[in-house]
Amino acid sequence: MEWSWTGVLYHPGWVVSTVILGLVVRMQRKGSWNPRACPVDLTGKTAIVTGANTGIGKFIALDLAHRKARVILACRSQERGQAALEEIRRKSHNSNVHLQLVDTSSLRSVRDFAHRINQEEKRLDILVNNAGASGLPKAMTSEGLELSFATNHLGPFLLTNLLLDLMKRSAPARIVNVSSANHWRGVVDFSHFHGENLTYLLDSVYNHTKLHNILCTNELARRLQGTGVTANSLHPGIVMTEVMKYYNWLIRALFNIVGFFFLKSSMEGAVSSIYCAVSEDVEGITGKYFDSDCSLVLPAPLARDPALARKDWEVCERLTGLSGGKDR
């Protein structure tokens, strides 16, 4: 009988063994820390989660709501945000969950959102900067900033700074910035903020923004020493979320097929963010980077350069209008 690869691939034994292997891999994807085993109660605490209408952000918000926190879903879409709000209230049995609209690609929108929060909220204990996107088209915002850099870094940078005074008054408080292991492939070129010298190939621009996330988190932690407010960054894992929605259909299809067996679900991807936001293990830890299994690891060498972090911070202050102190 003639042997062929086609016969092997269609053999029932091959199919069954492949499915079993895939299920085993799925079972081994989870980190060692289990949010459900963490007894932390957040009654009386207030948390903001950006990008909370879908994916990782929604599961982070749901966990915080289960812990009885007052949770503010910071979303761009009223319709999708409202749907997430109703779902989280229903599943958590917590009616103290609220929706506020913000588009992190717009500095004006971020300022308006921060103004409302500072006017309406008495405290802010947890800020999770989760909103972000990969594969955004080549474009500039109306404020003269490259779209991906505005969405993934400069918007969250400005938001965090505008809420710092409220967080200091609420100390101890935590800032959690969702970065990515992709930052290892990123570089720092400040002309990128204006859309210059960029190559829009797959996730290259996204990778650069994630490196900036870690650099500015480290500098923020240094500046916040002694305030009771901590700031850490993390890698959520390679997760099946809508972060890929801006890629063409073929790349999304391949990502989804591979992802079913080998990538984390949004619920699993939320674990490291929840860990940094609530775990007693992280109390007092600041300026660190956590892997998707909640272990403390070293980021890329560039991300550990304190001089570069200070320079990055200063550039971002100027670009967001903070350097003159008019927004603080």
Side-chain angles (χ1 to χ4, degrees), residues 50-51 55-57 104-105 128-141 145-157 160 176-220 231-248 250-252 254-256 258-259 262-264 266 269 272-273 276 287-293 297-309 311-313 315-316 319:
T50 67
I56 292 173
T104 59
S105 73
V128 182
N129 285 308
N130 163 75
S134 179
L136 287 169
K138 181 179 181 180
M140 302 292 291
T141 70
L145 301 170
E146 198 281 330
L147 180 60
S148 292
F149 278 84
T151 302
N152 295 349
H153 182 64
L154 290 170
F157 174 89
T160 300
V176 179
N177 291 330
V178 180
S179 180
S180 169
N182 285 29
H183 80 273
W184 281 82
R185 301 199 299 272
V187 299
V188 175
D189 180 338
F190 296 121
S191 69
H192 288 170
F193 287 120
H194 299 291
E196 301 169 5
N197 302 313
L198 282 170
T199 301
Y200 288 81
L201 179 64
L202 295 177
D203 57 0
S204 61
V205 178
Y206 174 80
N207 301 342
H208 304 326
T209 66
K210 295 292 104 176
L211 175 58
H212 284 278
N213 288 166
I214 300 175
L215 283 164
C216 284
T217 301
N218 294 347
E219 176 63 11
L220 175 61
N232 292 295
S233 56
L234 62 92
H235 170 50
I238 305 177
V239 185
M240 293 280 290
T241 70
E242 292 186 9
V243 73
M244 300 287 291
K245 66 182 178 181
Y246 296 101
Y247 290 91
N248 68 52
L250 179 58
I251 293 176
R252 293 198 311 272
L254 291 172
F255 183 80
N256 290 334
V258 173
F262 299 104
L263 306 187
K264 291 188 173 187
S266 294
S272 53
S273 296
C276 289
K288 303 301 181 184
Y289 174 73
F290 292 83
D291 205 352
S292 59
D293 64 355
V297 297
L298 288 174
L302 266 181
R304 306 197 303 267
D305 185 334
L308 182 59
K311 177 64 175 177
D312 197 3
W313 183 277
V315 170
C316 292
L319 291 172

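In this text, all values refer to a predicted model and were calculated from it rather than measured experimentally.
Within the structure, the salt bridge (charged side-chain N to carboxylate O under 4.0 Å, His left out) test picks out no pair touching residues 298-308 (sequence neighbours left out).
In this structure, the separation between CG on N152 and CG on N177 is 12.0 Å, given to the nearest 0.5 Å. Rounding to the nearest 0.5 Å gives a distance of 9.0 Å between CG of L234 and CD1 of I214. To the nearest 0.5 Å, the span separating CG on D312 from CZ on F190 amounts to 4.5 Å. Note that CG of L302 and CG of L308 are 6.5 Å apart. Values are rounded to the nearest 0.5 Å. Atoms CZ and NE2, on R185 and H208 in that order, are 10.5 Å from each other to the nearest 0.5 Å. The line from CG of L202 to OG of S134 is 8.5 Å long, rounded to the nearest 0.5 Å.
Using a 3.5 Å distance cut-off with no hydrogens or angles, the side chains of K210 and N213 do pair a donor with an acceptor. A donor-acceptor contact under 3.5 angstrom links the side chains of N129 and T160, judged on distance only.
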I'd like to know whether V205 forms a side-chain contact (heavy atoms from CB on, under 4.5 Å) with E146, so could you lay out the CA-CA distance, the side-chain angles of the two residues, the decisive distance to 0.1 Å, and finally the verdict.
CA-CA 10 Å; V205 178; E146 198 281 330; 4.1 Å; yes

side-chain contact (heavy atoms from CB on, under 4.5 Å) between L319 and H194, intermediate numbers included
CA-CA 10 Å; L319 291 172; H194 299 291; 3.6 Å; yes

Set out, in order, the CA-CA distance, both residues' side-chain angles and the distance that settles ring-ring contact (aromatic ring centres under 6.0 Å, His included) for H212 and F193, then state yes or no.
CA-CA 11 Å; H212 284 278; F193 287 120; 4.9 Å; yes

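T50 and A131 make their closest contact through OG1-N, 2.9 Å (heavy atoms, listed as atom of the first residue, atom of the second, distance). Between C316 and L154 the shortest heavy-atom distance is SG-CD2, 3.8 Å. Of all the heavy atoms in L298 and Y289, the pair that sits closest is C-CD2, 4.2 Å. When all heavy atoms of D203 and N182 are compared, the closest pair comes out as OD2-ND2, 2.9 Å. The heavy-atom pair separating W313 from C216 by the smallest distance is CZ3-O, 3.5 Å. Across G195 and M140, no two heavy atoms sit closer than the pair CA-SD, 4.0 Å.
A distance-only check finds a donor-acceptor pair linking the side chain of D189 to the backbone of S191 [under 3.5 Å]. Looking at T104, its side chain does come within 3.5 Å of a backbone N or O of T151 through a donor-acceptor pair. Of the possible polar contacts, one joining the S204 side chain to the T199 backbone as a donor-acceptor pair under 3.5 Å is found.
Side-chain contact between L147 and S105: present, with at least one pair of heavy atoms (C-beta onward) separated by less than 4.5 Å. Contact annotation: the side chain of P299 never approaches that of F290 to less than 4.5 Å [non-hydrogen atoms, C-beta and beyond].
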